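All values reported here derive from a predicted model rather than from experimental measurement. Per chain, numbering begins at 1; letters A, B, ... match sequence-line order.
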There are 2 protein chains.
Amino acid sequence: MDRRPGGEALLFLTDEQLRQGIEAMFFAYRGFTADPDRILAEMAYGRAHHRAIHFINRAPGTTVNNLLNILGVTKQSLNRVLRTLIADGLVESKVGRSDKRERHLFLTRSGRTLEQTLSDAQRARMRAAFRDAGPEAVAGFRTVLEAMMDPEMRASYTRLKDSGT
Amino acid sequence: MDRRPGGEALLFLTDEQLRQGIEAMFFAYRGFTADPDRILAEMAYGRAHHRAIHFINRAPGTTVNNLLNILGVTKQSLNRVLRTLIADGLVESKVGRSDKRERHLFLTRSGRTLEQTLSDAQRARMRAAFRDAGPEAVAGFRTVLEAMMDPEMRASYTRLKDSGT
DNA sequence: TTGGAATGTCAACAACACTGACTTAATATC
DNA sequence: GATATTAAGTCAGTGTTGTTGACATTCCAA
């Protein structure tokens with residue numbers, strides 16, 4: 001079965017294993033978003049609102065442009081989402097002091113409340129999965145995901161990660 | 001909170017760790033879909049077409065209903081995609097022999113060609129990530145993803161996985 | 001000071017998901 | 001054999017989220 005140079009078994013790199021990894025990502029991502037999606041559906045919001053709220057909470061005072069880079073969408077697309085969030089009083093937009101072109105984004109009190117509700121739901125599932133899988137599996141999970149990111153995304157991820165500790 | 005026999009702290013279950021896991025999923029999924037998305041954008045196709053093609057290739061002769069359950073979308077949504085794929089000669093729909101109500105789906109030759117192109121691109125990234133991370137990390141990756149799925153999705157995943165070996 | 005770059009907003013359009021109502025054909029059930 | 005159910009497909013309408021294009025404002029540097 002495995003005859004690789006050095007007797008090294010590279011069976012985990014077969015097309016079949018890769019395909020299983022691809023399908024695992026597909027099915028798992030559905031579970032990953034399922035719980036927040038249910039909550040969001042009850043309001044007039046979608047996944048894009050969740051993402052905006054998540055990262056504004058994560059980096060309060062971030063500019064629209066910065067958020068754009070993290071989310072990887074066009075500014076027009078983000079703007080539509082931000083507009084409704086601001087109109088609904090979940091997000092506050094403050095004109096920059098040093099550069100008046102920039103808008104700095106913050107969650108309001110009710111914005112933070114919604115963020116809590118959403119991330120509680122998502123964390124509950126992640127926690128259950130982590131607990132079932134155990135610490136070694138979790139470490140592997142993170143390693144593979146990080147290797148799968150585009151370099152710029154990995155940079156954003158690392159920056160956020162390091163700012164949180 | 002939870003405490004392991006031996007007083008071991010479950011540091012990998014802190015909110016901070018969970019949040020990092022959530023963000024890792026978000027950024028990694030972007031990378032995961034980036035390469036096929038680029039290819040699909042050149043044609044008039046989107047991610048929905050890719051998913052249909054993937055699972056038809058994976059389980060040739062599958063019925064529309066079965067595909068519906070795997071993809072987790074409505075039949076109207078799937079039908080729109082299927083219609084274009086059949087019209088473009090990438091997918092063939094054959095009336096069932098035992099039950100003539102059913103339609104069994106197959107990729108045509110050009111359908112298989114496109115599937116190859118798309119999955120080659122996606123596998124290339126997955127292979128690089130797997131290689132960088134190593135077999136133990138890959139095992140953990142799969143374990144956590146599986147634990148994150150909804151039970152029905154896990155059933156679909158397992159069924160496909162076992163049929164492939 | 002003027003032209004270009006950066007930042008953000010508004011409008012229109014496409015992809016893709018959804019619900020609801022319906023038709024057609026084949027199969028199951030009584 | 002009449003009736004109900006199932007599988008597939010269609011039509012119409014709606015919502016979210018992505019896209020381009022056009023444009024206003026602000027800042028900075030030649």
Side-chain angles (χ1 to χ4, degrees), chain A residues 26 29-30 33-34 36-56 61-88 91-106 118, chain B residues 26 29-30 33-34 36-54 56 61-88 91-106:
Chain A
F26 171 70
Y29 199 77
R30 287 255 294 282
T33 57
D37 280 357
R38 260 189 293 275
I39 296 168
L40 290 158
E42 292 171 10
M43 324 174 166
Y45 296 140
R47 220 173 271 179
H49 298 85
H50 182 194
R51 291 196 283 259
I53 287 174
H54 174 97
F55 286 108
I56 293 172
T62 185
T63 62
V64 173
N65 215 10
N66 184 36
L67 199 51
L68 238 42
N69 292 327
I70 288 175
L71 296 176
V73 295
T74 60
K75 59 182 174 175
Q76 294 89 331
S77 193
L78 174 59
N79 192 255
R80 182 172 356 88
V81 169
L82 282 179
R83 199 168 8 179
T84 69
L85 291 174
I86 291 169
D88 295 350
V91 168
E92 202 177 358
S93 167
K94 291 182 182 171
V95 173
R97 272 184 305 168
S98 61
D99 188 336
K100 288 175 190 163
R101 292 173 302 182
E102 296 180 338
R103 300 296 133 85
H104 298 276
L105 302 169
F106 302 87
L118 293 171
Chain B
F26 171 70
Y29 198 78
R30 286 257 294 283
T33 57
D37 280 357
R38 261 189 292 275
I39 296 169
L40 291 158
E42 292 171 10
M43 325 176 163
Y45 295 138
R47 220 174 271 179
H49 299 85
H50 182 193
R51 290 195 285 259
I53 287 173
H54 175 97
I56 292 173
T62 186
T63 62
V64 172
N65 220 0
N66 184 37
L67 197 53
L68 238 41
N69 292 328
I70 288 175
L71 295 176
V73 296
T74 59
K75 61 177 175 178
Q76 294 91 329
S77 197
L78 175 59
N79 195 255
R80 184 176 353 94
V81 168
L82 236 34
R83 201 165 8 179
T84 68
L85 290 175
I86 291 170
D88 294 351
V91 168
E92 202 177 358
S93 167
K94 290 182 182 170
V95 173
R97 271 185 309 165
S98 61
D99 188 334
K100 289 175 190 163
R101 291 172 303 181
E102 296 180 337
R103 299 296 135 84
H104 299 278
L105 302 170
F106 302 87

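- In the set C:dA17, C:dG8, C:dT7, the nucleotide with an atom closest to the side chain of A:R103 is C:dG8.
- Closest heavy-atom contact between B:R30 and A:I70: NH1-O, 3.4 Å.
- Residue side chain A:Q76 does not reach the base of C:dG8 through any donor-acceptor N/O pair under 3.5 Å, judged by distance alone.
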task: Verify side chain to side chain contact (heavy atoms under 4.5 Å, CB included) between A:Y45 and A:I53, making sure each step is shown before the conclusion.
output: CA-CA 11 Å; A:Y45 296 140; A:I53 287 174; 5.7 Å; no

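- Backbone-only engagement by B:S98 is indicated by non-hydrogen atom pairs under 4.0 Å involving sugar-phosphate atoms exclusively.
- Between C:dT27, C:dA17, D:dT19, one nucleotide has an atom nearer to the side chain of B:K100 than all others, and that is C:dT27.
- The distance between atom CE of A:M43 and atom C1' of D:dT16, rounded to the nearest whole Å, is 16 Å.
- Straight-line distance from the CD atom of B:E42 to the C1' atom of C:dA15: 18 Å, rounded to whole Å.
- Checking D:dC27, D:dG9, C:dA21 against every side-chain atom of A:D99, the shortest atom distance belongs to D:dC27.
- In this structure, B:R80 reaches the bases: a heavy-atom distance under 4.0 Å links it to at least one base atom across the strands shown.
- Between the CG atom of A:L68 and the C1' atom of C:dT9 there is a distance of 13 Å, rounded to whole Å.
- Considering only heavy atoms from C-beta on, B:V81 stays 4.5 Å or farther from B:V73 through its side chain.
- Between C:dG8, D:dA8, D:dG18, one nucleotide has an atom nearer to the side chain of B:N65 than all others, and that is D:dA8.
- Taken to the nearest 0.5 Å, the CD atom of B:E92 stands 11.0 Å off from the CD1 atom of B:I56.
- A:I86 places its CD1 atom 11 Å from the C1' atom of C:dG8, with the value rounded to the nearest Å.
- Here the nucleotide nearest the side chain of A:T74, chosen from D:dT16, D:dT20, C:dG20, is D:dT20.
- A:L71 has its CG atom 13 Å from the P atom of C:dG8, to the nearest Å.
- The nucleotide whose nearest atom lies closest to any side-chain atom of B:R101 is, among D:dT6, D:dG9, C:dA17, D:dT6.
- The interatomic distance linking A:H50 (NE2) with D:dG18 (P) rounds to 14 Å, in whole Å.
- Applying the 4.0 Å criterion to OP1 and OP2 of D:dC27, one finds that A:R97 has every side-chain N and O outside that range.
- Between the side chain of B:R47 and the backbone N or O of B:P36, no donor-acceptor pair lies under 3.5 Å.
- B:N79 has no side-chain polar atom (N or O) that falls below the 4.0 Å cut-off from OP1 or OP2 of D:dA8.
- Counting non-hydrogen atoms under 4.0 angstrom, A:G72 reaches nothing in the nucleic acid.
- Among the protein residues, B:H49 comes within range of the sugar-phosphate backbone only, with heavy atoms under 4.0 Å from sugar or phosphate atoms but none that close to a base.
- Between B:E102 atom CD and D:dT6 atom C1' there is a gap of 10 Å when expressed in whole angstrom units.
- Residue B:L82 is the one, among A:V73 and B:L82, whose nearest nucleotide of DNA chain D lies closer to the 5' end (criterion: closest heavy atom).
- One atom, CZ of B:R83, and another, C1' of C:dC16, lie 13 Å apart when rounded to the nearest Å.
- Ring geometry for B:F26 versus A:F55: interplanar angle of 30 to 60°, hence tilted.
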